[in-house]
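These values consider heavy atoms only, across backbone and side chains, with no hydrogens, waters or symmetry-generated copies. Lettering of chains follows the sequences in order, A, B, ..., and the numbering in each one begins at 1.
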Amino acid sequence: MAFREKIHWVTLVTMAAAFGWYFLVYPWQIADSPAGVWATAGLLVPVTIAIIVAMTVATAFLAIRNRAEVDIKEDERDRSFHMRGTHYAYYPLVVGIWINIFLIFWGISQAQQLNMMIATLVVAELVRIGTQLYLYRRGY
Amino acid sequence: MASLPFTNDIRTLRFLAGEMTQGELGDRVGVTRQTIAAIEQGKYSPSLEVAFRIARCFDKPLEAVFQWTDGNS
C-alpha cells in the first residue's frame with residue numbers, strides 16, 4: 001500500500017473515531033438550551049486536539065517507515081481521485097445544508113444547528129476520503 | 001465495476017526494454033510506480049499526455065502500446 005493511501009486510511013479512521021466519540025458523549029438533553037452551544041465548543045477542543053495529535057504521530061511514523069515515498073508528489077491519478085472524491089462529497093454537503101435550512105425554519109436550537117453542520121461536514125469528509133480509498137483499491 | 005475498453009502491452013514493452021521496472025518507467029513518464037501498476041492492470045485510464053509519454057519512452061506509436069478492444073469505433 002502506498003504512503004499516500006496509508007495517510008488517507010489514518011485520516012478516515014481518526015475522523016470516524018474522533019467524531020464518533022463526539023456524537024456519543026454529547027449531552028443531547030441540553031441541546032435545546034444555550035448551554036448546548038458551549039457543550040459543543042467544549043467537546044470540539046479535545047476532538048480537534050486528538051485529531052491533530054493522532055494525525056501528526058501517525059504521519060511521522062508512516063513517513064519514517066516509508067522514507068522513499070515521502071517526497072513523491074501527487075500525480076495525475078492522485079489528483080483525479082481527489083477530484084472525484086470531492087465531487088461525491090458535494091452531495092451529502094448540499095443535502096446537509098438544505099436539511100439545516102429547513103430545520104432553522106422549523107425552529108431548532110442553535111446547538112442542534114451546530115451539530116447538524118458538524119455532522120454534515122464529517123459525513124462529506126468521510127465520503128471524500130472513502131471514495132479516494134475505494135478508487136485506490138478498485139481502480140477507475 | 002466496468003473494465004476499460006482498451007488493453008495495453010506495457011508489461012511486455014518494459015521487459016523488452018531491458019526489464020525496466022515500473023518505478024523507472026514512472027520516473028521517466030512523471031507518475032508514481034503505483035500509477036504505472038494501475039495502468040498495466042487496467043485499473044486506471046491515463047491521460048492522453050501520459051499515454052503518449054509512455055509510448056515515447058518505448059519509441060513506439062500509441063497504438064503499439066494501447067489497443068482498443070470493445071469493438072466500437
(message) Using a 6.0 Å cut-off, check whether atom OH of Y90(A) has over 12 heavy atoms from anything other than its own residue.
(response) no
(request) Evaluate whether atom CZ of F52(B) has more than 12 neighbouring non-hydrogen atoms of other residues, nucleotides or ligands under 6.0 angstrom away. (result) no
(request) Side chain from CB out, backbone as N, CA, C, O: work out which of these in R79(A) comes under 4.5 Å of a heavy atom of chain B, or both, or neither. (result) neither
(request) Verify, without hydrogens or angle tests, whether E76(A) (side chain) and S47(B) (backbone) share a donor-acceptor contact under 3.5 angstrom. (result) yes
(message) Nearest 0.5 Å, please: how far is NZ in K73(A) from OG1 in T32(B)?
(response) 14.0 Å
(request) Just do the side chain to side chain contact (heavy atoms under 4.5 Å, CB included) check on Q34(B) and R77(A) with the steps written out, would you? (result) CA-CA 9 Å; Q34(B) 287 83 9; R77(A) 178 166 160 265; 3.7 Å; yes
(message) Hydrophobic clusters here meaning ILVMFWY residues chained together by side-chain heavy-atom distances under 4.5 Å, can you tell me if L133(A) and M15(A) are in one?
(response)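 Same hydrophobic cluster.
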(request) Indicate if L93(A) and F102(A) have the same hydrophobic cluster label, given that clusters are the connected sets of ILVMFWY residues with side-chain heavy-atom separations under 4.5 angstrom. (result)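 The answer is no; the residues belong to distinct hydrophobic clusters.
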